[in-house]
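Below: the structure, in structure tokens.
The analysis underlying the following values was restricted to heavy atoms, covering all of them including side chains, and did not include hydrogens, waters or symmetry mates. Counting from 1, the numbers follow the sequence of the chain as shown. Whatever order the structure lists them in is the order used to number ligands and atoms, beginning at 1.
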Amino acid sequence: MDQYRLINRTLPYPFESLWGFLMRCARANHYRDHQEILQYALDASSTNPQVERTEIPRLATYTRNSVNELSQLSGISREVARKGREWKILGEWLSKSTFLKLRHAPICPRCLQEQPFLRGAWHLAFNTACWKHSCQLIDRCPQCKRQLALSRRHPEYCECGFDLRKSDTLPAEAEPLLIARIMTNRSDGPLNLDSACTPANQIENLACLSLDGLCHSLWFLGHHLLGNFPVSQGSALRKLDGRETRQMIAAVCWLLSDWPTRLNQALSKQIALNSKWSGDNSTMRLLGPIQRYYESHIDSCDFRFISSPYETFVRQLVKQAGIKTRPSRLDSPQLELDLS
Ligand SMILES: [Zn+2]
Ligand SMILES: [Zn+2]
């Protein structure tokens, strides 16, 4: 039996937002909204915003596109054994929902003027600027002041009817613009990444990371080390608003501009804030959530520029305290050498 399909085919743009693509499909075929397409194509419930990678072939058939054309869209999800849920944005998999915006996402009004579709990069929680127009992304409708929901019917219109292409923009600061460029270098590059706010070698270090690695680095350096939060709260992966995200990014660029001196200062400050010196297993206790986040996400060789000064600092700490039981992370032969 023939499967039902949409009558009018809508072609996806490279790295387009899956939700934005479905909005355009819905409009071209006179559906109420994109949830209605998902209901017909996948029997999806209207409240669940996930589209699984395994459902892409069915969605491709329904929308008259190839699986390849749909697989490159941003926002597809998958479940990975022992790791949990991941989301594909700009062709890479992200491991934390904190790094994403999947119910509400900001827009660049000037990009929408050029082409009214939702860019996949706007799903990235730490992307707060448009690399192309050097302006801040806007996450609320200027007219009704509500967050821009991805459940709306048109990419370029708010649910209140306001034409988002007419929104005013503010110039972006140098630091968020740099991070926007590093992130969208994947979809729109190669871009010029030079910036006065961070030394060239550090920009290179950030640009070499995976998108997930970049998000973890920003979170570790900007939120855990320099965030204005008590250490106990710093460990929780919670969503930041636009202002907090820009602060976090500015903090990372500040740290990297005098590296590793400022890293050492930040670590010393965290220890002073959290000092319950007990003499054994001390780094874990003193650096608490910072050390735990480091061990879970930052200590692979991809993060050498962070891990080597970080471990040097921790080694000195251990040495100064004359601790006999070293934390397990410091047991590698290479590190032993420096401890002698
Ligand atoms: Zn733009
Ligand atoms: Zn509105």
Margin query: Are Tyr157 and Phe162, when compared by the centres of their aromatic rings, separated by less than 6.0 Å?
Written below: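 So the answer is no for these two rings.
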Check: For the residue pair Tyr293 and His216, is the inter-centroid distance of their aromatic rings smaller than 6.0 Å?
Finding: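 That pair passes the under 6.0 Å test.
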Check: Is the backbone of Leu209 close enough, under 3.5 Å, to the side chain of Asp302 for a donor and an acceptor to pair up by distance?
Finding: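 Flag not set: sc Asp302 to bb Leu209 has no pair under 3.5 Å.
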Next item on the list: Would you confirm whether Lys96, through its side chain, and Cys215, through its main-chain N or O, come within 3.5 Å as a donor-acceptor pair?
Entry: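 Side chain of Lys96 to backbone of Cys215: no pair is present.
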Notebook entry, point to check: Will you find, in the side chains of Glu204 and Asn201, an N or O donor that is under 3.5 Å from an N or O acceptor?
Noted result: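 No, because no side-chain N or O of Glu204 sits under 3.5 Å from a partner of the opposite role on Asn201.
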Notebook entry, point to check: Under 6.0 Å from the CG atom of Asp168, do we count more than 12 heavy atoms belonging to anything else shown?
Noted result: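 12 or below, so no.
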Next item on the list: Take the Zn ion (ligand 1) and tell me which protein N, O or S atoms are nearer than 2.8 Å.
Entry: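 Listed by chain and number: Cys108 SG, Cys111 SG, Cys130 SG, His133 ND1.
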Check: When the ring planes of Phe305 and Trp259 are compared, do they come out parallel, tilted or perpendicular, using 30° and 60° as the limits?
Finding: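 Phe305 vs Trp259 ring planes: tilted.
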Next item on the list: Would you mind checking if Arg78 and Glu86 are paired as a salt bridge, meaning a charged N to carboxylate O distance below 4.0 Å?
Entry: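 Yes, Glu86 and Arg78 are salt-bridged.
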Item checked: Pair Lys132 + Glu114: basic N to acidic O under 4.0 Å ->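 Yes, Lys132 and Glu114 are salt-bridged.
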Check: Going by chain and residue number, what protein N/O/S atoms come nearer than 2.8 Å to the Zn ion (ligand 2)?
Finding: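 Within the sphere that stays under 2.8 Å of the Zn ion (ligand 2), the protein atoms of type N, O or S are Cys141 SG, Cys144 SG, Cys158 SG, Cys160 SG.
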